[in-house]
Protein chains: 2
Amino acid sequence: MGKDNRSTEEKIFRAAMTEFIDKGRHGARMQEIADRAEINKAMLHYYFRNKEQLYSHVFQTVFLKVFGSLHHLFEQEMPFSVSLRLFIDGYIDLIKSNPKIPAFIMRELSEGGEVIRALIPRLVKAEQFMLPGLFMRRAGEAMEKGEIRRVDPLQLLMTVIGAGVYFFLAEPMVKGVMETTGAYDRERFLQERKKHIYDIIINGIKS
Amino acid sequence: MGKDNRSTEEKIFRAAMTEFIDKGRHGARMQEIADRAEINKAMLHYYFRNKEQLYSHVFQTVFLKVFGSLHHLFEQEMPFSVSLRLFIDGYIDLIKSNPKIPAFIMRELSEGGEVIRALIPRLVKAEQFMLPGLFMRRAGEAMEKGEIRRVDPLQLLMTVIGAGVYFFLAEPMVKGVMETTGAYDRERFLQERKKHIYDIIINGIKS
DNA sequence: GTCTATATCTCGATAGAC
DNA sequence: GTCTATCGAGATATAGAC
């Protein structure tokens with residue numbers, strides 16, 4: 001019994017995740033979610049009261065997937081440059097496996113985001129959103145030690161993430177530009193992208 | 001007569017721009033546009049056949065506002081570092097005056113963007129979207145001269161733009177994080193942001 | 001718990017008078 | 001060119017049988 005409940009609920013949830021990530025909060029269709037989950041539309045309302053709540057659950061899960069998974073790199077004892085390299089690689093690989101997630105989160109942010117505004121303080125308190133804090137601490141320590149020169153750690157974090165995420169947001173433009181000159185090899189470009197970002201940043205902050 | 005036409009048409013267009021930028025293609029409401037323009041809803045269809053066409057016009061205008069205005073900095077004769085500095089400052093100031101534009105463009109990109117996909121090749125041909133080309137050329141020349149070291153110019157452009165635009169996309173998160181520690185001074189943060197990005201990049205690419 | 005059938009609502013679009 | 005009134009599609013949500 002319990003197992004069947006979870007099973008149906010989870011089928012719905014997975015289907016909702018796919019649909020919301022793909023079409024966004026407003027573009028998503030409850031019917032489409034029901035079809036994907038291979039259940040009736042009425043069940044969506046049985047398990048999750050309404051679209052808004054379903055979305056809210058999905059968003060929280062997706063947000064944690066991205067921001068709850070790589071902070072450990074800044075907890076471990078290794079040179080800051082190594083953490084940074086691993087973070088950039090890991091971050092780009094993570095998004096590569098879920099390329100629509102950045103736009104999904106950005107859409108929420110751009111809509112004023114009651115959902116995300118309520119979420120962030122809660123996650124920070126619950127220590128599930130530790131990346132900014134840990135990154136800034138480790139960067140600060142690296143500056144103390146003279147490993148890297150002094151810059152504002154929060155600014156640095158934004159530069160790293162911004163540079164990393166932008167490609168996935170702007171890919172259609174990049175593609176459009178590159179195809180005017182030659183072939184567009186996504187896989188290769190992404191590998192280069194990792195190297196490039198690390199290269200620029202590490203040279204930008206070395207003592 | 002002609003003047004009255006333009007006047008009403010323009011009122012509609014301005015109202016549509018505000019509404020679409022704020023709510024996006026699907027979130028925008030024709031009724032709201034009509035209200036803002038202080039005309040009847042039927043007039044929207046009289047001047048612009050339907051919502052899609054109205055959106056399309058708006059998007060093109062907005063896109064050009066952002067990408068059609070700063071490329072001249074890379075046409076002029078000055079050291080690459082100076083062009084870069086002016087570009088970063090100008091870019092951030094431009095978005096600061098229109099902070100919702102990045103999310104607006106990103107939303108279009110994320111929705112598969114028939115509109116933008118049709119637009120880009122056309123603008124490139126019409127020489128109204130010259131930023132990537134000019135930037136890459138000037139960066140290439142600067143590398144030849146030894147002003148800066150060799151990096152992939154397109155990767156570099158993406159890093160600059162990504163770093164610049166990310167703040168405006170993620171501001172609610174930044175705000176949330178900063179408010180847990182202290183006060184959040186947007187104006188100051190943005191001025192710092194300009195300096196920081198230039199600083200990291202220019203050190204990242206110097207010979 | 002799951003389904004069918006349907007109520008209710010929102011919104012883009014149009015018809016037609018002036 | 002501009003308005004009022006209304007249509008009709010498409011979506012969320014619910015009632016009620018099983």
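Note that these values count all heavy atoms, side chains included, but never hydrogens, waters or copies made by symmetry. Chain letters run A, B, ... following the sequence lines, proteins first and then strands; every chain starts at 1.
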What's the [atom1]-[atom2] distance between [X] and [N], to the nearest Å?
X	N	atom1	atom2	result
Asn40(A)	dC18(D)	CG	C1'	13 Å
Lys41(B)	dT14(C)	NZ	P	12 Å
His45(B)	dG16(C)	NE2	P	17 Å
Tyr47(B)	dC3(D)	OH	C1'	13 Å
Arg29(A)	dT10(C)	CZ	C1'	12 Å
Ile39(B)	dG1(D)	CD1	P	14 Å
Lys11(B)	dT2(D)	NZ	C1'	11 Å
Leu44(A)	dA11(D)	CG	P	14 Å

Under 3.5 Å, is there a donor-acceptor pair between the Arg107(B) and Ser110(A) side chains?
yes
Do Glu171(B) and Tyr184(B) get their side chains close enough for a donor-acceptor pair, meaning under 3.5 Å?
yes
Identify, residue by residue, the members of residues 48-55 of chain B with a heavy atom below 4.0 Å from DNA chain C, and return them in order of residue number, or none.
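Contacts with DNA chain C under 4.0 Å: Asn50(B), Lys51(B).
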Identify, with sequence neighbours excluded, every residue that meets salt bridge (Lys or Arg N to Asp or Glu O under 4.0 Å) alongside Lys11(A).
none
Between Asp93(A) and Lys194(A), is the closest basic N to carboxylate O distance under 4.0 Å?
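Looking at Lys194(A) and Asp93(A), the cut-off is met.
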Lys195(B)/Glu192(B) salt bridge by N-O under 4.0 Å criterion
yes
Counting any heavy atom closer than 4.0 Å, what does Ala28(B) reach on the DNA or RNA strands: base, sugar-phosphate only, or nothing?
sugar-phosphate
Select base, sugar-phosphate, or nothing to describe what Met43(B) touches, counting heavy atoms under 4.0 Å on all strands.
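Base, at least one base heavy atom under 4.0 Å.
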Net bend of the helix from dG1(C)-dC18(D) to dC18(C)-dG1(D), end axes of five pairs each, nearest 10 degrees
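One end's axis against the other's: 10°.
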Given the ring of Tyr198(B), does Arg85(B) sit roughly above its face, with NZ or CZ under 6.0 Å from the centre of the six-membered ring and within 45° of the axis?
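Checked: cation-pi criterion met.
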Which is it for Gln191(A) and Arg186(A) under the side-chain hydrogen bond (donor to acceptor under 3.5 Å, both in side chains) test, yes or no, and what are the steps along the way?
CA-CA 9 Å; Gln191(A) 294 311 318; Arg186(A) 183 178 203 262; over 6 Å; no
Can you check whether Phe48(A) and His57(A) have ring centres sitting under 6.0 Å from each other?
yes
Closest of dG1(D), dG12(C), dT4(C) to the Met30(B) side chain is dG12(C)
Please verify the inter-ring angle class for Phe74(A) with Phe135(A); under 30° counts as parallel, over 60° as perpendicular, anything in between as tilted.
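It falls in the perpendicular class, over 60°.
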